[in-house]
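In what follows, a single structure is set out as structure tokens and then discussed.
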Amino acid sequence: MATTFDARERAYEQRFVLEEEARFHARNRRNRLLATWACERMALSGPAAEAYVTAFTDCAVVADDEAVIARLQSDLAAAGIGATLPHLRTEMERCAAVARAERRVGVALDQGSSA
């Protein structure tokens, strides 16, 4: 009986690890999509866009969602682009949905962003 319990416990631990990794990768992909969307708004392209996406995603790894939105709003404002918090939250959720869908099917789905 102990062997069955131990095997079940290991299976639950492995499942937990896999689910946490999936959440981490989906969140990281969401942040990358969000930064790419911001680059479109700020008219960044090429190396400047790549640098922005990398810097944004690096900072967003340890930040909560509200800090990510605040950073995004600040960056857009610095570029002279106004964006309301509800609009940014909606865009963040759109990016999260795309990231979750990509995770399920295993391919990049984003072909653009909302208005």
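Keep in mind that the numbers below use all heavy atoms, side chains included, and drop hydrogens, waters and symmetry copies.
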### Message
Any side-chain to backbone donor/acceptor pair from E91 onto L34? Under 3.5 Å, distance only.
### Response
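Such a contact is absent between E91 side chain and L34 backbone.
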### Query
Are any side-chain N or O atoms of S74 and backbone N or O atoms of A70, one a donor and one an acceptor, separated by less than 3.5 Å?
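Absent.
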### Message
Looking at every heavy atom in both V68 and A60, which two are closest together, and how far apart are they?
### Response
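Nearest pair, atom of V68 first, then A60: CG2-CB, 3.8 Å.
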#### Entry: For the student: nearest non-hydrogen atoms of A99 and A26, plus distance
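Smallest heavy-atom distance, with atoms named: CB-O, 3.4 Å.
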Find out if a path of hydrophobic residues (ILVMFWY) with successive side-chain heavy-atom gaps under 4.5 Å connects [X] to [Y].
{"X": "I69", "Y": "V53", "value": "no"}
{"X": "Y12", "Y": "F5", "value": "no"}
{"X": "V61", "Y": "M92", "value": "no"}

### Query
Quick one: do E21 and R103 make a salt bridge, cutoff under 4.0 Å?
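Answer for the salt bridge query: no.
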### Message
If you apply the rule side-chain contact (heavy atoms from CB on, under 4.5 Å), what do you find for R41 with D75, and how did you get there?
### Response
CA-CA 11 Å; R41 300 300 167 280; D75 291 349; over 6 Å; no
Got a sec, which residues hit salt bridge (charged side-chain N to carboxylate O under 4.0 Å, His left out) with [X], two or more places apart in sequence or on another chain?
{"X": "E19", "result": "R15"}
{"X": "E50", "result": "none"}
{"X": "E20", "result": "R23"}

About how many Å separate [atom2] of [Y] and [atom1] of [X], when rounded to the nearest 0.5 Å?
{"X": "R27", "Y": "T57", "atom1": "CZ", "atom2": "OG1", "result": "11.5 Å"}
{"X": "E93", "Y": "R30", "atom1": "CD", "atom2": "CZ", "result": "8.5 Å"}
{"X": "D65", "Y": "L72", "atom1": "CG", "atom2": "CG", "result": "11.5 Å"}
{"X": "Q73", "Y": "L85", "atom1": "CD", "atom2": "CG", "result": "4.5 Å"}

### Query
Do T36 and F56 pass the side-chain contact (heavy atoms from CB on, under 4.5 Å) test, and can you show the C-alpha distance, the side-chain angles, and the key distance before you say yes or no?
CA-CA 10 Å; T36 301; F56 185 87; over 6 Å; no
